[in-house]
Structures are given as structure tokens and as C-alpha cells.
Amino acid sequence: MLLISSVPIQTRRFVTLATNDSYARGAMVLGKSLRNHKTTRKLVVMIGPHVSDPLQRGASKIFDEVLLVDVLDSGDRAHLALMKRPDLGVTFTKLHCWTLTHYSKCVFMDADTMVVQNVDELFDREELSAAPDPGWPDCFNSGVFVFRPSNETYGKLLKYCTEHGSFDGGDQGVLNGYFSNWATADISKHLPFIYNLSSIAIYTYLPAFKQYGGNAKVVHFLGQTKPWSYTFDPETKRISGDMQEASTHPTFLLDWWMLYSSSVVPMMTEGYGEQPFHSGCVEVSLEGSSASQDPHHTEPYVSPQASEERKQKWEQGQADYMGMDSFDNIQKKLDAFLK
Ligand code: UDP
Ligand code: GLC
Ligand code: MN
């Protein structure tokens, strides 16, 4: 007898967004990290029209679907200025993800996130599941969230934007306004922080990072300084840049760069000659990059600092997290102290 199932086909996707080349590089690292951790789900990237051809070609090698979308900008200069992120008006473009109605359930991930363990279990969660924002934990952070595409929801979100705007000028303000019962209604929609581990946790609660950071599943390079704001030397495996602006644990930053230089750059150049890629202050030489190198065996860049200057910086809340005050060094001190 032929049994016809009445259960609708479940199509599930990871979705990200990039409106320019820098974020497209981030999106590719994210895509590659999902693949390396053996996701069984397909990957979708929404791109804006300004993403260049080489980056679009590279993206199509990692993602199952590359979708061109119109860039939506909140144009809300005042609220964006409060966040000191005038560039984030375009994050309204993220809302397009609700229009992907040929999929039943999706996980959106910012292009500045990277998976460090398989996260396919996120599809067991319901809309709208997300982790608390580290700056205001009664809000969720919109860098990682589970949602159900729906034209009806998309329409309501746009209506919400028109009527109420966004309290931060970006998508996170709108989404927290619209899904306003997230904080109280259903604890199963609160993702553990390890699904959206941002640098801020390292700055503000180091003992918790020491306790739980090893279980991280998704690292989020939240904030103005992104991995691509640094320079990486693939030969020495050293990262340099403005270390005072360090946005995350040096090991994660190194992991990002190792993945980028060993797996993403070659995909963009395959068949097009050996052209190094330039973007803003980022330069990565292709020479010496190798996928087989283990980033954990290399020491990140350590910037020398006089101890008095270092003490003053600590007191001003500007520790050298990438160098002398790196987590590894701090951990050694804590371990010695706790012995
Ligand atoms: N984004 C983009 N182009 C931009 C700014 C942002 O495509 O010019 C997308 C990208 O997916 C990014 C997300 O919007 O990860 C949110 O921005 P960002 O990660 O910079 O915000 P943060 O997490 O630092 O607050
Ligand atoms: C947040 C989120 C990011 C969002 C931005 C603007 O900090 O990390 O995903 O796009 O705010 O609302
Ligand atoms: Mn982000």
C-alpha cells in the first residue's frame, strides 16, 4: 500500500546577509565554518547589488543560494549616532529574510559570526528564538535568531518600522519592538549565550567566560572592529592592528583569519590568477596560506607595553586584550592565584 504523508515538507536553511565586500568576506567565513562543522542544512546568503563580482563568485561556491536583495536603510541618523554605528541603517535589509517563504524554518546569522561547533539543533527551536543581548539582556541580540519566513510577518514588520521606527536605528530595535514578549513569554526561546558569544562578555565577565567560554558554539565579532579591520600575515600567523580596539578573544580572531586565508581567499581567486584582495585596511598575502595549519599551535601577536602604561590603560578600561592582557595570560594568572 502506498502511504502518502500529510506532514508538510520541512525546508530549513541557514541565512546570512552581506551588502558590501567586507561583510561578504565575513559571510564566506561563516558559510565555510558551518560546512566544516558538518551542517546537514543548506546555506543562503542575501547580497546587495554592491557586492563585487569576485566576491559573488566566491559566495556561490560556498552557499547553495545567493539571493540579490534591495538594500533597505532606516535612514535613522539620530538613533544610529547613539550607538556610534552610522553604518547600521542598512541592517533593515535583514528583514528581507522573512520573504524567503519557500523555506519553512531558518536560522539567521550575522556575517560577523563564526561557528565553532555544529549548531543544527537550533532548528528544533521556534520563532523567535535568540540569545540575550550582552548590553541589555532583556532584549535579544539579532545576530543569531530562529525564524519562520512569512509574507504576513514581513508586512507586519515593515508596518512596525513605519509606525514606530527602531529604537537603535537598526534591525535589532525593530525586532525587539515587534517580538516584544521575548523576555518573558517562553524560556525555550532564550538561546544559551554560547550560541551568540560576543566579545563584550570577555570584557565584562571574565570569570564566566573562563567557566563557559570553552563550550562556545557561535562566536560573534559584535561591535565596530571586525576581524577584517586587522591585518594578518599568513606566513607568521600573526595578526596586527589597533589592539586597543580588540573585539574578541585572540584565538577566535586567529581562527577567523586562518579560515579566511586558507579556505576563502583561494575560492575567490581560483581560475582568475593569483590576485591578492584589498579592502580598506585589510591585506592578506596568499603566499604561505595552508589549510592544514592548526591555528591553536601559533601564538597571536603580542604587543610590548611598559608596565606603568599598561596599568594606566587597565585603569581606563583599555586593557591590551590582544597582547599582554590576553585571555591566556590572564587565565595563567588566575590559575596561579587559585592554586
Ligand atoms: N550588514 C551588512 N552591511 C553593512 C552592515 C551590516 O551586510 O554595511 C549586515 C551583516 O550581515 C552584519 C549585520 O548586518 O553582520 C549586522 O551588522 P554588524 O554585524 O556590523 O552589527 P553588530 O553585530 O556589530 O552590532
Ligand atoms: C546589534 C546586532 C546586530 C544588529 C545591530 C543593529 O548589535 O548585533 O545584529 O544588526 O545591532 O540593530
Ligand atoms: Mn554582528
Side-chain angles (χ1 to χ4, degrees), residues 21-33 35-37 54-55 58 62 111-116 197 199 202-203 209 213-214 216 219-221 223-270 272-307 309-310 313 318-333:
D21 281 6
S22 297
Y23 282 96
R25 290 167 212 275
M28 282 192 268
V29 170
L30 166 64
K32 193 73 185 118
S33 70
R35 298 244 184 257
N36 286 355
H37 291 284
L55 272 290
I62 297 176
D112 63 341
T113 60
M114 178 179 73
V115 161
V116 292
L197 178 67
S199 48
I202 305 171
Y203 289 76
F209 180 73
V219 176
H220 187 179
F221 298 96
Q224 197 156 22
T225 311
K226 300 300 185 196
W228 51 86
S229 313
Y230 298 91
T231 306
F232 176 68
D233 180 339
E235 247 169 78
T236 59
K237 310 285 177 294
R238 282 177 170 218
I239 293 168
S240 51
D242 186 351
M243 296 307 164
Q244 294 305 329
E245 295 292 321
S247 61
T248 191
H249 188 284
T251 306
F252 295 141
L253 196 55
L254 202 53
D255 285 348
W256 190 96
W257 269 105
M258 289 299 290
L259 204 51
Y260 177 70
S261 65
S262 65
S263 305
V264 172
V265 172
M267 275 193 195
M268 288 186 288
T269 54
E270 252 166 34
Y272 295 91
E274 295 285 291
Q275 325 145 353
F277 276 79
H278 303 272
S279 156
C281 57
V282 179
E283 268 189 44
V284 55
S285 155
L286 300 184
E287 287 167 20
S289 66
S290 153
S292 61
Q293 307 263 356
D294 179 357
H296 298 285
H297 290 159
T298 42
E299 285 299 315
Y301 174 88
V302 175
S303 62
Q305 244 178 23
S307 62
E309 190 193 341
R310 181 182 171 213
K313 291 245 153 82
Q318 298 173 351
D320 178 19
Y321 288 107
M322 294 296 296
M324 302 253 287
D325 310 313
S326 71
F327 178 68
D328 288 343
N329 284 348
I330 292 169
Q331 183 162 300
K332 273 182 211 148
K333 289 252 167 59

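Values in this document were obtained by computation on a predicted structure and should not be read as measured data.
Proximity of Val264 to Leu259: side-chain heavy atoms (C-beta onward) are nowhere separated by under 4.5 Å. With contacts defined as side-chain heavy-atom distances shorter than 4.5 Å, the pair Phe232/Leu253 does not qualify.
Atom OH of Tyr230 is separated from atom CH2 of Trp256 by 11.5 Å, given to the nearest 0.5 angstrom. Distance check, rounded to the nearest 0.5 Å: CG of Asp112 to NE2 of His220 gives 3.5 Å. The distance from atom OG of Ser229 to atom CD1 of Ile239, rounded to the nearest 0.5 Å, is 11.5 Å. The CE atom of Met114 sits 5.0 Å away from atom CG of Asp255, with the distance rounded to the nearest 0.5 Å. In this structure, CZ on Arg35 lies 10.5 Å from CG on Leu30, to the nearest 0.5 angstrom. In this structure, CE on Met258 lies 12.5 Å from OG1 on Thr251, to the nearest 0.5 angstrom.
No donor-acceptor pair closer than 3.5 Å links the side chain of Lys32 to the backbone N or O of Ile62.
Under the 30°/60° scheme for interplanar angles, the aromatic rings of Trp257 and Tyr260 are found to stand perpendicular.
The two residues Pro266 and Ser261 make their nearest non-hydrogen contact at CD-O, 3.5 Å. Closest approach of Gly213 to Leu197, counting heavy atoms only: O-CD2, 4.4 Å. When all heavy atoms are compared, the tightest approach of Leu254 to Lys237 is CD1-O, 3.5 Å.
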